[in-house]
Amino acid sequence: MFEPAGSGRATAGGCVGTEDGWTSVSGAAPLGAVITLNGYRFQVIGVAKKVGRGNNDGPNQRIYIPMTTMQEFFPITGDNIPQDSISQIQYQPLTEELNETAKSEVHRIIATRHGFDPVRKEGFEEWDTIKSNRMVGLIFTAMDVFLGGVGIVTLALGAVGIINIMLVTVTERTKEIGLRKALGATNRSILFQFFLEGLTLTALSGFIGIIGAAALMAALGSVVGNNDMGFDPPRLVPWSAAMAMGTLTLCGIVAGLYPARQAAMLAPVEALRKE
């Protein structure tokens with residue numbers, strides 16, 4: 001935000017931005033600094049929150065001065081443009097739910113003052129940022145659903161793989177199971193042994209997968225750098241990793257139950273006779 005230096009006027013708005021925060025052109029603290037615009041000296045009286053990045057950094061490069069000062073020092077000129085005319089209006093509803101209501105009210109007020117029908121779409125050239133954000137949100141929601149479906153299928157295939165591995169293990173260790181049961185091992189101890197093995201196999205594979213994903217994300221982050229192009233590299237979120245491990249553990253529990261039960265139900269005599 002700027003005001004004419006020494007004028008005592010006040011206003012609101014934003015200023016010059018960098019990647020690390022808001023600074024003046026010289027690199028010093030912006031508040032109180034003096035900048036020259038087309039030969040007129042202005043003092044910085046405030047800064048605005050950084051809202052853009054990458055290729056959408058235009059809002060961060062804007063400066064704001066009082067309306068009356070702009071009309072006095074920087075009048076809009078051009079063909080068919082009245083003096084002191086307003087080229088655009090930016091407004092924000094109190095809540096996102098009131099977006100359409102606010103838009104209708106703005107259309108009605110402008111149309112009434114300029115004598116045309118407010119329902120004429122060609123009477124306004126506007127960009128509804130809230131509507132655009134909602135559309136982007138729907139796109140990301142669809143992506144989340146798709147990727148979630150891929151994850152569910154992947155986990156299901158992994159669970160089937162664990163079941164097959166454990167069934168093969170039970171078949172290969174049939175004599176061992178028969179011997180343990182002949183020596184007094186209970187069905188519960190056999191069940192717990194194979195169940196724990198399946199759970200350990202799942203947890204270990206999940207841990208290795210998370211370590212690999214973290215390494216890949218770190219590599220991507222080092223390649224992307226400081227996000228000059230507005231691309232956020234993927235990063236490992238603790239709660240997401242915990243949820244993944246919890247889901248893998250659940251899959252291990254479900255996948256290990258059937259092979260463990262098959263091992264526990266083997267008859268000792270038949271198991272010992274197994275070749």
### Pair listing, salt bridge (Lys or Arg N to Asp or Glu O under 4.0 Å) test, anchored in residues 128-150, at least two apart
Lys103-Asp128
Exercise answer: donor-acceptor pairs, residues 204-216 side-chain atoms, under 3.5 Å, sequence neighbours excluded:
| from | atom 1 | to | atom 2 | distance (Å) |
| --- | --- | --- | --- | --- |
| Ser205 | OG | Leu201 | O | 3.1 |
| Ser205 | OG | Thr202 | O | 2.8 |

### Message
According to side chain to side chain donor-acceptor pair (under 3.5 Å), who are the partners of Arg120, at least two apart in sequence or on a separate chain?
### Response
Glu122
### Message
Strictly by ring-ring contact (aromatic ring centres under 6.0 Å, His included), give each pair with a member in residues 85-109 just once, sequence neighbours left out.
### Response
His107-Phe124
## Note on the structure
By side chain to side chain donor-acceptor pair (under 3.5 Å), Thr112 pairs with (sequence neighbours left out) none
### Glu100: partners by side chain to side chain donor-acceptor pair (under 3.5 Å), with sequence neighbours left out
none
### Other cluster members, Met143 - Ile/Leu/Val/Met/Phe/Trp/Tyr, side-chain contacts below 4.5 Å
Val136, Ile139, Phe140
### Task
Mind checking side-chain contact (heavy atoms from CB on, under 4.5 Å) for Ser189 and listing every partner two or more places apart, or none if nothing turns up?
Arg180, Ala185, Thr186
### Query
Can you name the side-chain contact (heavy atoms from CB on, under 4.5 Å) partners of Met70, sequence neighbours left out?
Ile65, Met67, Phe74
### Task
Tell me, please, which residues at least two apart from Glu125 pass side-chain contact (heavy atoms from CB on, under 4.5 Å).
none
### Task
With sequence neighbours left out, write down each residue that passes side chain to side chain donor-acceptor pair (under 3.5 Å) with Glu105, or none if nothing qualifies.
Arg108
## Note on the structure
Taken in chain and number order and not counting sequence neighbours, the residues that satisfy side-chain contact (heavy atoms from CB on, under 4.5 Å) with Val119 are Asp117
